[in-house]
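A short write-up of the structure that comes next.
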Number of protein chains: 2
Amino acid sequence: MELSQRKEKILAAVVEHYIRTGEPVGSKTLLSALDITVSSATIRNEMAELAALGYLEQPHTSAGRIPTNEGYRYYVDNLMGVRPLDESVKRQIEAGVSLKNASPEAILAKASEFLADMTDCAAVSTTPSGENATIKRIEFVPVGTRTGMIVLLTSTGVIKSKVCRSDVDLNSSMIEKFYNIVKASFIGLPLDEIDTATLQTLVASMGADALTMIPFVSAVSELAQEAMRTMVMLGGQSNILRYREDYGTTAYELMDFLRRGEPISQLLANSKADFDVKIGGENKFKQLENSSVIMAHYNIDGDNRGSIGIIGPTRIDYASLIPSVRYLTDLVGELLTQTLNEE
Amino acid sequence: MELSQRKEKILAAVVEHYIRTGEPVGSKTLLSALDITVSSATIRNEMAELAALGYLEQPHTSAGRIPTNEGYRYYVDNLMGVRPLDESVKRQIEAGVSLKNASPEAILAKASEFLADMTDCAAVSTTPSGENATIKRIEFVPVGTRTGMIVLLTSTGVIKSKVCRSDVDLNSSMIEKFYNIVKASFIGLPLDEIDTATLQTLVASMGADALTMIPFVSAVSELAQEAMRTMVMLGGQSNILRYREDYGTTAYELMDFLRRGEPISQLLANSKADFDVKIGGENKFKQLENSSVIMAHYNIDGDNRGSIGIIGPTRIDYASLIPSVRYLTDLVGELLTQTLNEE
DNA sequence: GTTAGCACTCTTTTGTCGCGAGTGCTAACT
DNA sequence: AGTTAGCACTCGCGACAAAAGAGTGCTAAC
């Protein structure tokens, strides 16, 4: 749907004004905000047409207009000025995500927290997916007479560790047996091939040693699961209260939605493009019907591996937050690439 | 301050009714709730006296009475029936905290989450304090040409690990050097003696090796800090919205308060008794002035080491939640004792 | 000490009214 | 044909008033 230039100007002004104030905007207000040489009546006519086209709506007859979800969509796709990020904002973001010597989880947790603070929205991120990774290395470190720590390194550079407990005292022959099993059965194996069936056949093939080895073997499998699973990092839930009126009655549902990592990871994984904006009901979760999501994906070694996003009211400030989310996400991608490749 | 038996009965009835309904309770309502053979006028007289004593108040002249913080306090200290926990609730709690083979952090995180769900409040817990612990063991596991994982075990059984990166390729002589330094300088050292000053003298004494060893040594120190620091686990923040009206305008402040672990750990550490209830402004944090806190402390090897608590509105259901929190906390204590002592 | 009765207070609800904001339509103008 | 001025119309909102309802405090009698 193509709009005349003047309609576009009006639509943009309505969207921007409403985003700023949260109040329905009428023809007169618009007249002074717009450097245009027409009368308010003309603007009214144009607005009526925009409403007929579905881009604007009236909360009630005698109020101004507010954008519909389609209105926001048109604004984001066609009208929004993509001014480059301020240098000072860039530097602020750079400071916010810098974290040396930290795990991917810690980096993303901090990034989410920072992004939430910066945008006054709730922020979410997913840890790198380990779907196509294989097991590169497994180590066992005794830390007590019956306790040891298993360390797993994947081909994508993710390191996971887990304390594990044996039913009998550890001795070097057991540890050697463990390494033999690991070498023969695990190294090089794709993470997603370690399921309970594989484990059972493995345990069955061990014969007499099975009993003592089970805690170790199952710990390795748990680690593989963990390394594969993407975790959801969450920040700034309290910011939901900040825009409480905009969320209406869905505020509680929204907070509850945020707690459950699973749907969020679906939400974030659901888009292929470099970055994505979902406005109101555009995503299939009805808890988000009064929310917009701005998300971007980060790459590790050029490979799309995870996402970072913010969730705010539909009248979120798209124009200035989209570039911020994208820039931050790119930075995090670089940082993670670096972290995971250093050996 | 001693109250007559009848006054106590009335106060208890007011508190319990208000906790249940959230509505101010008047003399007639009370009459039907109370199996007492007096008229509403008598109850009015008694309530007027209770108000004069500071245990009840009226939101406005023609409304019923609601308990003051002092009223809740008297109720909790003297009136509240301490019925033992239902067997079914006990079993529910046992199921909620059972987690085999998990780290203390994971156990407490799950316990907080579960407690929040069970009580419809926000729940918090602190990880065991490592204040008096010493370093028992340190291991180094190479996982790449320049990367290794350092594993630290404390005398209290806490295991922490961290990936650490060298500037040059690792070789066995460096690893041996590392173990020498560790043996000589760290093993047996109390965690709180590892500060920057100690580290600097240590690095200074290493002479030429200092440069290559610094990443390792400082990683050990970071691990020691981590093992010492109590972390705050948080669950059920969304439940704050559930009692939004009760928190009034402090709802946002409350959520924000919960995010910052530090004040919460102060709050929880501030009480010596086995368990503790803070009502409204009784704790020094003004973000909690409309909240009550029910907290209990768990013991590891008989030693008070951490706390678990819930934060709700002042009209929280003390009588049934206090036993739940205590029972759960005891269970967690047992579980942690077991986890940390198994070697 | 207890109770019935009653006047009193204060909130809440409902209804009405007028104001103001903003619209849509029509007729005139360019 | 597009634009504009003018005007009647609609609707939400705040103010105000009246009525209803809940609950109290007090007094006088039991």
Side-chain angles (χ1 to χ4, degrees), chain A residues 2-11 13-18 20-68 71 245-246 248, chain B residues 2-11 13-68 71 245-246 248 315:
Chain A
E2 274 291 308
L3 293 183
S4 76
Q5 209 174 349
R6 195 170 63 187
K7 279 201 183 59
E8 292 197 334
K9 237 174 156 173
I10 290 176
L11 178 56
V14 171
V15 170
E16 277 159 18
H17 193 276
Y18 185 66
R20 212 172 49 246
T21 65
E23 300 286 319
V25 28
S27 52
K28 269 188 207 154
T29 327
L30 221 44
L31 192 59
S32 59
L34 226 48
D35 56 340
I36 218 172
T37 64
V38 293
S39 76
S40 67
T42 310
I43 295 185
R44 278 204 293 283
N45 287 333
E46 294 283 55
M47 288 210 291
E49 284 180 54
L50 282 170
L53 291 169
Y55 293 123
L56 296 179
E57 67 181 343
Q58 286 178 284
H60 52 262
T61 329
S62 77
R65 299 299 210 296
I66 64 177
T68 62
E245 323 78 67
D246 291 310
Chain B
E2 274 290 308
L3 294 182
S4 76
Q5 209 173 347
R6 195 170 62 189
K7 278 202 183 61
E8 291 197 335
K9 236 173 155 173
I10 291 176
L11 178 55
V14 171
V15 170
E16 277 159 17
H17 192 278
Y18 184 66
I19 284 176
R20 212 173 48 247
T21 66
E23 299 287 318
V25 31
S27 51
K28 271 188 205 152
T29 328
L30 221 43
L31 192 58
S32 60
L34 226 48
D35 55 342
I36 219 173
T37 64
V38 292
S39 77
S40 68
T42 310
I43 294 184
R44 279 205 291 283
N45 288 332
E46 295 282 56
M47 288 210 291
E49 285 180 55
L50 282 169
L53 291 170
Y55 294 120
L56 296 179
E57 66 181 344
Q58 286 178 287
H60 53 261
T61 329
S62 77
R65 298 300 210 299
I66 63 177
T68 61
E245 323 79 65
D246 292 310
R315 53 170 273 254

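Since the structure is predicted, the reported quantities are computational estimates derived from the model, not experimental observations. To find a chain, count down the sequence lines: A is the first, B the second, and so on, and within it residues start at 1.
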Interatomic distance, B/Glu49 CD vs D/dT24 C1' [rounded to whole Å]: 15 Å

Flag if over 12 foreign heavy atoms under 6.0 Å of CD, B/Gln5: no

Return the minimal non-hydrogen interatomic distance between B/Pro67 and B/Tyr18, and the atom names on each side. CD-CD2, 3.6 Å

Per-pair distances, 0.1 Å, donor-acceptor, side chain in residues 41-53 of chain A, under 3.5 Å, sequence neighbours excluded:
{"from": "A/Thr42", "atom 1": "OG1", "to": "A/Ser39", "atom 2": "OG", "distance (Å)": "3.4"}
{"from": "A/Arg44", "atom 1": "NH1", "to": "A/Ser40", "atom 2": "OG", "distance (Å)": "3.4"}
{"from": "A/Glu46", "atom 1": "OE1", "to": "A/Lys7", "atom 2": "NZ", "distance (Å)": "3.2"}
{"from": "A/Glu46", "atom 1": "OE2", "to": "A/Arg6", "atom 2": "NE", "distance (Å)": "2.8"}
{"from": "A/Glu46", "atom 1": "OE2", "to": "A/Arg6", "atom 2": "NH2", "distance (Å)": "3.1"}
{"from": "A/Glu49", "atom 1": "OE1", "to": "A/Lys7", "atom 2": "NZ", "distance (Å)": "3.1"}

Distance check: side-chain N/O of B/Arg65 vs OP1/OP2 of D/dG23, anything under 4.0 Å? no

Could you tell me the separation between the NZ atom of B/Lys28 and the P atom of D/dG25, rounded to a whole number of Å? 14 Å

Flag, side chain of B/Thr29 to backbone of B/Val25, donor-acceptor distance under 3.5 Å: no

The side chain to side chain donor-acceptor pair (under 3.5 Å) partners of A/Glu23 (sequence neighbours excluded) come to none

Expressed in angstrom and rounded to an integer, what is the separation of B/Leu31 atom CG from D/dA22 atom C1'? 15 Å

Roughly how many Å is it from CE in B/Met47 to C1' in C/dT3, rounded to a whole number? 15 Å

Which parts of nucleotides 3-9 of chain D does protein reach within less than 4.0 Å, heavy atoms only, written one letter per nucleotide 5' to 3' as B for base, S for sugar-phosphate only and - for none? SBBB---

Note: B/Asp246 and B/Arg315 closest approach over all heavy atoms is OD2-NH1, 2.7 Å

Counting a pair only when it is Watson-Crick or G-U and both distances are under 3.5 Å, which runs of at least 3 such pairs involve DNA chain D? C:1-30 with D:1-30

Between the side chain of A/Thr68 and the main-chain N/O of A/Gly54, is any donor-acceptor distance below 3.5 Å? yes

Do A/Leu3 and A/Tyr55 have side chains that approach each other closer than 4.5 Å (heavy atoms only, starting at C-beta)? yes

Separation of atom CD in B/Gln58 from atom C1' in C/dC8, rounded to whole Å: 13 Å

Specify the separation, in whole Å, of atom CG of A/Leu50 and atom C1' of C/dT23. 15 Å

Can you pull out the residues from residues 14-25 of chain B that lie within a 4.0 Å heavy-atom distance of DNA chain D? none

Figure out the CD1/C1' separation between A/Ile66 and C/dT23, and round it to whole Å. 16 Å

Any idea which heavy atoms bring B/Val15 and B/Gly71 closest together, and the distance? CG2-O, 4.4 Å

Once base and sugar-phosphate atoms are separated, protein heavy atoms under 4.0 Å mark nucleotides 11-21 of chain D, 5' to 3', with B, S and - as BS---------

Passing candidate, side chain to side chain contact (heavy atoms under 4.5 Å, CB included) with B/Arg65, options B/Ile10, B/Leu11, B/Leu56, B/Leu30: B/Leu56

Closest heavy-atom pair, B/Gly64 versus B/Pro59, reported as atoms and distance to 0.1 Å, is O-CD, 3.4 Å

